[in-house]
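Okay, so here's the structure we're looking at.
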Amino acid sequence: MSQPPYIPVDLVDSPPVTESIERAELPPQYTPADVEGRLYERWISSGFFTADPNRNPARPAFSIVIPPPNVTGSLHMGHALDHSIQDALVRRRRMQGAETLWLPGMDHAGIATQNVVERELARDNLSRHDLGRTAFVERVWQWKAESGGRILGQMRRLGDSVDWSREAFTMDDQRARAVRTIFKRLYDDGLIYRAERIINWCPRCLTALSDIEVEHADLEGELVSIRYGSGDTAIVVATTRAETMLGDTAVAVHPGDDRYRHLVGREVELPLTGRGIPVVADEHVDPSFGTGAVKVTPAHDPNDFEIGRRHGLPSLTVMDERGVISVHGPFEGLDRFEARPAVVAALREQGRIVKEVRPYLHAVGHCQRCATAVEPRVSLQWFVRVAPLAKAAGDAVRDGRVRVHPPEMAARYFAWVDNMHDWCISRQLWWGHRIPVWYGPAGETVCVGPDESPPEGPGWTQDTDVLDTWFSSALWPFSTLGWPGDTPDLRRFYPTSVLVTGYDILFFWVARMMMFGLYAMDGVPPFEVIALHGMVRDQHGKKMSKSFGNVVDPLDWIDRYGADATRFTLLRGANPGGDVPVAEEWAQGSRNFCNKLWNAARFALMNGAHVRGDRPAAAELGTADAWILSRLQRVVAEVDEYFADFDFAKACETLYHFAWDEFCDWYVELAKVPLAGPEPAAEVTRRVLGEVLDALLRLLHPLTPFVTEELWTALTGAESVVVADWPVADQTLVNDQAEADIGSVRRLVTEVRRFRADQGLKPGQRVPAALDFGGSPLAGHEEAIRALLRLTAPAAGFTATASLPVDGVTVELDTAGVIDVGAERKRLEKDLTAARKDADQSARKLDNPDFMAKAPEAVVAKTRERLAQARSEIARIEGQLAALPS
RNA sequence: GGGCGCAUAGCUCAGCGGUAGAGCUCUCGGCUUACAACCGAGCGGUCACAGGUUCGAACCCUGUUGCGCCCACCA
C-alpha cells in the first residue's frame, strides 16, 4: 500500500483558502480560518518539513516518530495534546538548526479494525467466514483506503509539521519486512516459542489476548460454598464460578493446614459428576481465605493450571471457544453464565451440598475491545520469552541511557518490565501480520525469513494466526526508518530523540519498543528520552467519556477558535506528568491571546515598526526600551529552560505574561508618546518595537504556529518563521536598573489609578496635576505617565488636594470637589496597618539571634530588603495621609 | 490484595524550607484612534486534619481522613 505524499487539507472540510493579507491591511480581529489552510499548504510546498539525512552532517539530528494512531481512529483531545507537544519540540529544534524529522504514520490496530469491518459486514448479515480469509482481508484494505486515515487529514488541521513523504503504516510492505525479520531472529534465538498454555481468551472475538488487552473491573458475583465428598472425606470449597466444577480434577489445600492434612492424598467425590478427584497440598492455597480448600480446574483458571502442572493433574476442558458448556450431560449447550446458576440449582436439588451463598465483589477480566468477560482457556499459542528482553529494557533506563520524564514515572516502568509474563503474540484473527511459520506433513515446523521461500509441496501449511498488533508497533522507531535495511535515515535518525506519549501506554507500547529496539539495534535503545504527558480531562478534572457527555472534539475548537488556540490551551495545561484539564472558556482565553498578538502586531505595523539586522546602541535606548529588551532576554532564557524540562505549561505562561502584561500593557503604552514625538527617539522606539515583537513571535511559533507565521512574515518580509532562527538570550542586554525604574513607573501609575478608581474619578476624566520627580530618572517618562493617567498640566493658581508619593516621585492632583476624604483615609489606614505588620514581622526576625545565626546570608539580606520596602511603604502612606485635607 | 499519586482563592492548577501565586469566575468603573475576543481598579486562602523536626513548614517526617490512578492468577 503506497500513500499519496500529501492529502490536500480540504479533505477534512477546511475553510476556503484566502489570499495573503497585505502588511498594512490587518483587520482588527484575527480570523484563523483565513490563514490556517493557506499557511499549511505553503509549508508543505516549501518542503520545510521534509528531512534530508544527507544534508549538512555537521548539524545535530532531531527525530521523533509519532505514536501511530489507530487506523480506525479520529483525532481526539489526547492526540491533539500529544501532537501539540511533539510539534512544539520539533518546530523549536528546527528553528535551532537541527536536521529535523517528525515521522507520521498509522497502526493497523488488529482487533479494533477487524471488529469495525465485521460490524459493517454484519449490517448485511454477513460474517467474515462468509467472505473467507482472502476476501475479508481484501475488504479491510479497502476500508482502510476509503475511511482509515481520516486522522491524517485532521493532523494537517492541527498544523503538525510532519514529514509526509515518509508516512508509514504498520502493515505496509516495509513494515512487513521488518516484522518477518525480527520474528525470524527471535525464533532462531529461542526467544519465540509455541506452547500449550492457559491464556486470556475472548469468547466473542474468538482470539487470544495478551495481559494488557484485558481490563479488570470489579463485579458483583456470588461466592458459593460447596461440599465435595461425603462423610469423613467431606470438604467444603468456595467458588465464584460454579460451572467450572464440571472440569475440576482436584481439591487443593495448604500443606501446613492441619484441618485437611488427613485428606491429602485421598480422593473425594465431585458432586454432579460422581468422579473421584484427589486432594493435593499446594503452597499457593491461602489457608485463611474461605474454607482454606480450593477446587482445581486446570483448564479454566490460570492458578489452577499452575497447580495442575505441579501435581501432574489432568486438564479437563468443559467449555468450547464461545464459553458454552461442551461436556455431555444436563448442562451441555448452556452458556457459561447460564450454566452457573443451573449448576448451583442442580446441587441444591441434591440436598445439603450447597453450604452457603453470599454476595461477593471480585475483579473480572474483560476484553479491552469488546468488553466481553475473558475466559481463561488452554490453547496452543506463540509467545515471546520476555525475561532477557525485559531485563535489557529495564537496564537501559536504570543505567541512564534512556531518561524517563518526569522521573517519578520510571517507577511504574520498572514495576512493569521487572514483572512481565511471557507475551502471547498469536491472535486468532485475520487482520494482521500472519505468523511466518509453516508446518510440514511430518510435523515439521519451519520459520521463514523475509527473503526465504516457504516450503512447498503437499501437506505444508502456514500458521493461520496473526501477530498481536503491538508486535509491529514495537518495531516502529526503527521499522519506520528503513530497518532491517542499513538506510541513511536509520543512520541519521536512530535513536530517535524523544518519545512523546501519554503515561497510559507506558506499558502497552513503550516497554515493548525498548525491548525490540535494544534487541534489533545492537543494544542501542530506540529513544533518548521518554517524555510522558497526562490525560486530557474536562474542566472538573473528569475523564472525557461518551457516557458523561463531556467529550470535546478538537476539530470543533479548531473551527471555532483556531488551531493555535486549541494547541495553546492544551499546552498551557500540560504540567509535566499531570493530567490536562480543558474547558471552553480556556479555549476562548487562548483565542483572545492570539487576537492580542494580532493587535500588538497591527499596532506595531501601523506605527512603522521594523526589523533590521542591527539594534540601536545602548546609549540611544530610553528606559522603557532598555527595560523591555532586558525582560526579553530573561524570557528567552526561561523558555529554553522550560522546553528542556518539557514544561510547556510554564513556557506558555511565561510567554503569555510577557506578551500581554509587559509588552502590550506597558511597553506599547509607554511607546505611544515617543512614537508620536520627534526623531531620533521615534525611530529607536520603532526598532525596539519591531525587534521585541520579532523575537516574541519566534518564541511563540512552536506553540502557536499559524498566527505567528502570518504576523512574522508581515513584520519582517522574510519567507517563513518556520525556518527562522530561534532567539538566543543576549546577557549584555540584561539591565537591572531599567527594570527597577520601570517597576517604579508601574507602581506609581497603579497607585494613582487606584486612587482615581477609589475616588470615583472616571478613567477618561482629565485631572490637573503637578509631578515632582525630585532627582528621579523617571522624569524622562513624565509625558508617558501623564498620558497613562489622563493628567493635564496644572493651570495657573493650581492647588493640589491630594498628594501621592511613590518611589521618590510625587503626583499632586487637583481633585477639589470630588475627593472623598473619609474613604481615602480609611483605605490608607488599612494599607498602613498591613505595611506595619509586614515591617514588624521582618524586624522581629532580624532581632532573633537564632535567625541571624542560622539563616543563610541571602535570606537575611532579603528580610532586610523587605523591611526597607515595608518602611518606605509606611512612609508613602503616611505622606498621603498627611496630605489629605482634613 | 500490592504500588504510586493528590488534597493550596468559587473552579482548574503552579509553588515543594524563608512572610501565599496564575488563569478563569466574581465586584466596581470605562467604547482611552492596536485590540470591548478590550482597558483600568478591586474582592477572595488559619495551603484537608493531628502531631513532630527546624530560628523558620503549604513545602520535610509520622499518623488520620477523603479522593484519584496503575498493577493484580485469593478461589
Side-chain angles (χ1 to χ4, degrees), chain A residues 26 28-30 198 211 216 223 237-241 244 252 284-286 288-291 293-297 301-307 360 362-363 365 376 408-409 411-412 415-416 419 421 503-504 506-507 535 537-541 543 561 565 572-573 575 577-583 585-586 588-589 591-607 647 649-650 653 656-657 664-665 668-669 672 749-750 753-758 760-765 787-788 790 837-838 841-842 845 848-856 858-860 862-863 866 870:
Chain A
L26 293 186
Q29 278 190 352
Y30 171 52
I198 190 154
D211 291 346
H216 294 264
L223 188 65
V237 300
T239 181
T240 54
R241 304 202 53 200
T244 62
H284 167 265
V285 178
D286 176 1
S288 65
F289 183 90
T291 58
V294 188
K295 63 191 269 312
V296 181
T297 323
D301 183 280
N303 289 316
D304 296 2
F305 182 80
E306 292 302 323
I307 294 177
Y360 187 69
H362 67 308
E408 307 90 82
M409 287 286 179
R412 280 195 190 189
W416 199 74
N419 298 298
H421 296 301
Y503 59 69
D504 56 332
L506 185 59
F507 319 115
M535 305 293 108
R537 296 175 178 273
D538 74 5
Q539 64 267 50
H540 300 297
K543 209 167 170 175
Y561 305 122
R572 209 178 171 184
N575 289 120
D579 285 340
V580 181
V582 296
E585 303 87 72
W586 306 344
Q588 286 166 5
R591 184 265 319 261
N592 296 353
F593 177 60
C594 293
N595 193 233
K596 190 72 180 174
L597 288 175
W598 182 265
N599 275 289
R602 190 163 167 250
F603 172 85
L605 291 169
M606 282 168 59
N607 285 281
D647 196 340
K650 291 231 176 55
E653 222 47 44
Y656 180 93
H657 282 121
C664 290
D665 286 352
V668 166
E669 293 306 321
K672 284 176 178 174
V749 169
T750 301
R753 280 174 176 164
R754 190 235 96 212
F755 174 83
R756 292 184 53 131
D758 281 1
L761 295 171
K762 303 293 177 196
Q765 191 175 336
L788 290 173
R790 314 273 148 200
K837 196 176 148 201
D838 217 30
Q841 238 172 70
S842 299
K845 267 193 161 179
N848 180 344
D850 279 330
F851 174 76
M852 296 306 285
K854 289 172 185 167
V859 173
V860 174
K862 206 172 160 194
T863 308
R866 259 181 190 282

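Values reported hereafter were calculated over all heavy atoms of this structure, with side chains retained and with hydrogens, waters and symmetry mates removed. Order of the sequence lines fixes the chain letters, A, B, ..., with proteins taken first and strands second; residue numbering starts at 1 for each chain.
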[atom1]-based separation of [M] from [N] [nearest Å]:
N     : M     : atom1 : answer
B:C60 : B:G23 : P     : 26 Å
B:C55 : B:C49 : C1'   : 26 Å
B:U65 : B:G10 : C1'   : 23 Å
B:U64 : B:C16 : C1'   : 22 Å
B:G40 : B:U32 : P     : 14 Å
B:A58 : B:A48 : C1'   : 12 Å
B:G21 : B:G15 : P     : 15 Å
B:U25 : B:G45 : C1'   : 16 Å

What is the nucleic acid contact for [X], judged by heavy atoms within less than 4.0 Å: base, sugar-phosphate only, or nothing?
X      : result
A:N575 : sugar-phosphate
A:A415 : nothing
A:A363 : base
A:C664 : base
A:F593 : nothing
A:R866 : base
A:P856 : base
A:R790 : base
A:V668 : base

So how far is it from [X] [atom1] to [Y] [atom2], rounded to the nearest 0.5 Å?
X      : Y      : atom1 : atom2 : answer
A:Y656 : A:L597 : OH    : CG    : 10.0 Å
A:D538 : A:D579 : CG    : CG    : 11.0 Å
A:H284 : A:D304 : NE2   : CG    : 8.0 Å
A:I307 : A:K295 : CD1   : NZ    : 11.0 Å

Quick one: [X] [atom1] to [N] [atom2], roughly how many Å, whole number?
X      : N     : atom1 : atom2 : result
A:H284 : B:A75 : NE2   : P     : 9 Å
A:K862 : B:A20 : NZ    : C1'   : 12 Å
A:L761 : B:G30 : CG    : P     : 12 Å
A:R753 : B:C28 : CZ    : P     : 21 Å
A:K837 : B:A20 : NZ    : C1'   : 12 Å
A:Q29  : B:C38 : CD    : C1'   : 10 Å
A:E585 : B:G10 : CD    : C1'   : 13 Å
A:D579 : B:C13 : CG    : P     : 8 Å

- Task: Indicate yes or no for a side-chain donor-acceptor contact from A:N595 to the backbone of A:R591 under 3.5 Å, with no hydrogens or angles considered.
- Result: no

- Is there a donor-acceptor contact under 3.5 Å from the side chain of A:R756 to the main chain of A:Q765? yes

Let's test this: given Watson-Crick or G-U wobble pairing with both distances under 3.5 Å, identify the partner of [N].
N     : answer
B:G42 : B:C26
B:U33 : none
B:G21 : B:C13
B:G51 : B:C61
B:C4  : B:G68

Below 4.0 angstrom from OP1 or OP2 of [N], is there any side-chain N or O of [X]?
X      : N     : answer
A:Y360 : B:C74 : no
A:T750 : B:A41 : yes
A:N595 : B:C38 : no
A:K672 : B:A34 : yes
A:K762 : B:G40 : no

In terms of side-chain heavy atoms of [X], which of [options] is nearest?
X      : options             : result
A:D286 : B:C74, B:C11, B:A14 : B:C74
A:P28  : B:C35, B:A14, B:C55 : B:C35
A:A855 : B:A75, B:C55, B:C70 : B:C55
A:A757 : B:U32, B:A41, B:A22 : B:A41
A:R754 : B:G23, B:A41, B:C69 : B:A41
A:D850 : B:C55, B:A34, B:A75 : B:C55
A:H216 : B:U12, B:G18, B:A72 : B:A72
A:T240 : B:C69, B:A75, B:G29 : B:A75
A:M606 : B:G18, B:A34, B:A72 : B:A34
A:R412 : B:C24, B:G18, B:C70 : B:C70

- Message: Assuming nearest nucleotide by heavy-atom distance, tell me which of A:S288 and A:N592 is located more 5' along RNA chain B.
- Response: A:N592

- Query: Of A:D665 and A:Q539, whose closest RNA chain B nucleotide lies nearer the 5' terminus?
  - Reply: A:Q539

Side chain to side chain, [X] and [Y], heavy atoms closer than 4.5 Å:
X      : Y      : answer
A:W586 : A:P581 : yes
A:T244 : A:D301 : no
A:P28  : A:R602 : yes

Donor/acceptor link under 3.5 angstrom from [X] side chain onto base of [N]:
X      : N     : value
A:E669 : B:A34 : yes
A:Q588 : B:A37 : no
A:R591 : B:A37 : yes

- Might you work through the side-chain contact (heavy atoms from CB on, under 4.5 Å) test for A:R412 and A:Y503, ending with a clear yes or no? CA-CA 9 Å; A:R412 280 195 190 189; A:Y503 59 69; 3.7 Å; yes

